[in-house]
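All remarks here apply to the structure that follows.
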Amino acid sequence: MSNLSPADREYLENALRMDTGWVLHFTDKTFSELFAAFGIDINDEKYKKYGESKAKRMRAFWDIDNNKTVGRVILELAAFFRNAELRQSLTIKFSEQIEKIGNKLLNMPDVGRTAVEIVKPNITSNIDFVLHPAIFEHVERYLVTEDYFHAVEEAYKIVRRKLKDLTNEEQAHRAFSEENYMRIFGHEPVNEVEKDFFEGIKFLNMAIQKFRNEKAHDLAKSLDRNIAIHYLALASLAYDLITRNE
C-alpha cells in the first residue's frame with residue numbers, strides 16, 4: 001500500500017473531481033490506458049473492492065499499490081494538469097502540488113510492498129510485518145522466485161556485513177565487546193537493564209552468525225516458506241537493532 005497522507009488524498013480527491021465518481025475527463029478507455037502505460041490493469045477485480053467507478057478504482061489503487069507505483073501515476077496526472085494549464089492559461093496550478101505529492105511518494109521506502117503475511121490454517125493467527133528496507137531490497141529477487149534458501153542466506157549476510165562495517169570485527173562475540181558499544185549503540189548502557197538488552201542483541205547476532213555458517217556450508221535446498229519468514233524476521237530485527245543509532 002502507498003503512504004498517501006490524508007491531506008494529500010483530500011487534495012487529489014478535489015483536484016481530480018472524484019466526488020462525481022469520475023476522474024477528471026477520463027473515459028473508461030483512456031482511464032485504462034493511463035494505468036496500462038505502467039503495466040497496471042486497473043480493471044482487475046482487486047481494484048474493484050470499493051466499487052467499479054473510476055474514482056473508487058483510483059482509491060483502491062492508492063490503497064493496494066506501493067509508493068513508487070502510485071507516485072509515478074500521480075506524476076503522470078500532474079503532466080495532464082500541466083498541459084491543460086498551458087492550453088487554457090489557468091491561474092490555479094494544480095500540477096505543482098500534484099507533482100509534489102508524486103515526488104514525495106517516490107522518495108519514500110516501499111514499506112507497504114515489503115509486508116510478509118504469515119499464513120497458518122487458523123485465520124486468527126495471520127500476522128503482517130514489514131522487513132527492514134535494507135534486508136528486503138537485497139533479498140526481493142529471491143522472494144519473487146520463491147528461492148527461500150538464498151533469501152535467508154543473503155539476509156544473514158547483510159546483517160553480518162553491517163556489523164563488521166560498524167565494528168571491524170568478523171565474529172559477533174568480539175563485535176559486541178564493551179569498547180564497541182559506542183560504535184553500535186551510540187552510548188554505554190545506562191543501567192543493568194540496558195546492559196542486558198545489549199547482551200541480548202549480541203546473542204541474537206551470534207545466533208545469526210551460526211545460522212549463516214550452517215547455510216554457507218550446506219548445499220542449497222528447498223526451504224519451507226513459513227520457516228524462511230521466521231528466519232527473515234530474525235535478520236530484520238537484528239539489522240534494525242544494530243542500526244538504530246545511525
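When every heavy atom of Leu223 is checked against every heavy atom of Ala228, the shortest pair comes out as CD2-CB, 4.0 Å. Closest approach of Met108 and Asn3 over heavy atoms only: SD-CB, 3.5 Å. When every heavy atom of Ser32 is checked against every heavy atom of Asn43, the shortest pair comes out as OG-ND2, 3.0 Å. Between Ser236 and Ile135, the closest heavy-atom pair is CA-CG1, 4.2 Å. Between Ala155 and Leu232, the closest heavy-atom pair is CB-CD2, 3.6 Å. When all heavy atoms of Asn14 and Arg17 are compared, the closest pair comes out as O-NH1, 2.6 Å.
Between Asp28 and Lys54 there is a salt bridge, since a side-chain N of the basic residue sits under 4.0 Å from a carboxylate O of the acidic one. A salt bridge links Arg82 with Glu99; the closest basic N to acidic carboxylate O contact falls under 4.0 Å. Under the 4.0 Å criterion applied to side-chain N and carboxylate O atoms, Arg244 and Asp240 are assigned as salt-bridge partners. Under a 4.0 Å N-O distance rule, the pair Glu153/Lys157 does not qualify as a salt bridge.
Pairs passing the ring pair (Phe, Tyr, Trp, His ring centres under 6.0 Å) check and including a residue from residues 190-210, sequence neighbours excluded, read Tyr181-Phe198, Phe185-Phe198, His187-Phe198. Among pairs with a residue in residues 42-69, those fulfilling ring pair (Phe, Tyr, Trp, His ring centres under 6.0 Å) read Phe35-Phe61, at least two apart in sequence or across chains. Applying the salt bridge (charged side-chain N to carboxylate O under 4.0 Å, His left out) test to every pair with at least one member in residues 174-188, sequence neighbours left out, gives these pairs: Glu178-Lys195.
Inter-residue side-chain proximity for Phe80 and Leu34 is flagged as met; some heavy-atom pair is nearer than 4.5 Å. Put simply, the side chain of Arg160 reaches to within 4.5 Å of the side chain of Glu170, judged on heavy atoms. Inter-residue side-chain proximity for Glu199 and Phe176 is flagged as unmet; no heavy-atom pair is nearer than 4.5 Å. In this structure, the side chains of Gln209 and Val159 stay at 4.5 Å or more apart for every pair of heavy atoms. Within the 4.5 Å cutoff, side-chain heavy atoms of Lys162 are placed close to those of Thr243. Residues Thr69 and Arg72 have side chains in contact (heavy-atom distance under 4.5 Å, counting atoms from C-beta outward). Put simply, the side chain of Leu75 does not reach to within 4.5 Å of the side chain of Ile98, judged on heavy atoms. A heavy-atom distance below 4.5 Å is found between the side chains of Leu4 and Ile74.
Separation of atoms NE2 (His138) and CD1 (Ile158) is listed at 4.0 Å; rounding is to 0.5 Å. Expressed to the nearest 0.5 Å, how far CG of Asn83 lies from OG of Ser95 amounts to 9.0 Å. For the atom pair CG (Asn180) and NZ (Lys202), the distance works out to 11.5 Å, reported to the nearest 0.5 Å. Taken from CD1 in Ile184 to CG in Leu166, the straight-line distance is 6.5 Å, to the nearest 0.5 Å. Atom CG of Asn205 is separated from atom CG of Leu241 by 8.0 Å, given to the nearest 0.5 angstrom.
Taken together through direct or relayed side-chain contacts under 4.5 Å among Ile, Leu, Val, Met, Phe, Trp and Tyr, Ile201 and Leu237 form part of one hydrophobic cluster. Met206 and Tyr231 are assigned to two separate hydrophobic clusters, defined by single-linkage of ILVMFWY side chains at heavy-atom distances under 4.5 Å. Cluster membership check: Val73 does not share its hydrophobic cluster with Trp22, using side-chain heavy-atom separations under 4.5 Å among Ile, Leu, Val, Met, Phe, Trp and Tyr.
For the pair His230 (side chain) and Asn226 (backbone), a donor-acceptor distance under 3.5 Å is present. The backbone N or O of Asp63 lies less than 3.5 Å from no partner atom in the side chain of Ser2, so there is not a single donor-acceptor pair. Between the side chain of Thr30 and the backbone N or O of Phe26, no donor-acceptor pair lies under 3.5 Å. Between the Asn67 side chain and the Leu105 main chain, no donor and acceptor come within less than 3.5 Å of each other. Thr167 contributes a side-chain N or O that, together with a main-chain N or O of Leu163, makes up a donor-acceptor pair within less than 3.5 Å. In terms of modelled atom types and a separation under 3.5 Å, the side chain of Arg57 and the main chain of Gly51 share no donor-acceptor contact.
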Exercise for the section: Go through the steps to decide whether Glu169 and Lys164 satisfy the test side chain to side chain contact (heavy atoms under 4.5 Å, CB included), and finish with yes or no. Expected result: CA-CA 5 Å; Glu169 290 287 352; Lys164 184 181 178 183; over 6 Å; no
Practice task
Please test Asp65 against Phe38 for side chain to side chain contact (heavy atoms under 4.5 Å, CB included), starting from the C-alpha separation and ending with a verdict.
Solution key: CA-CA 12 Å; Asp65 282 65; Phe38 298 91; over 6 Å; no
Handout entry: Arg9 and Ile101: CA distance, side-chain angles, deciding distance, side chain to side chain contact (heavy atoms under 4.5 Å, CB included) verdict
Key = CA-CA 9 Å; Arg9 280 176 177 266; Ile101 294 171; over 6 Å; no
Practice task
Evaluate the criterion side chain to side chain contact (heavy atoms under 4.5 Å, CB included) for residue pair Arg225 and Glu146; output intermediate values, then yes/no.
Solution key: CA-CA 8 Å; Arg225 178 179 182 273; Glu146 299 184 357; over 6 Å; no
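Atom CZ of Arg161 is surrounded by 12 or fewer heavy atoms from other residues, nucleotides or ligands within 6.0 Å. Within 6.0 Å of atom NZ in Lys56, 12 or fewer heavy atoms from other residues, nucleotides or ligands are found, so the atom counts as exposed in its surroundings. Within a 6.0 Å sphere centred on CD of Glu10, other residues, nucleotides and ligands contribute 12 heavy atoms or fewer. For Lys49, the NZ atom counts as densely surrounded, since its 6.0 Å shell holds more than 12 non-hydrogen atoms of other residues, nucleotides or ligands.
Looking at residues two or more places apart in sequence or on another chain, you find a side-chain hydrogen bond (donor to acceptor under 3.5 Å, both in side chains) between Asp147 and His150. Scanning for side-chain contact (heavy atoms from CB on, under 4.5 Å) contacts around Leu234 gives Tyr156, Leu204, Ile208, Phe211, with sequence neighbours left out. When the salt bridge (charged side-chain N to carboxylate O under 4.0 Å, His left out) test is applied to Glu194, no partner is found at least two apart in sequence or on another chain.
For the pairing with Tyr148, the side-chain contact (heavy atoms from CB on, under 4.5 Å) check across Asp224, Ile229, Val139, Leu143 returns one residue only, Leu143.
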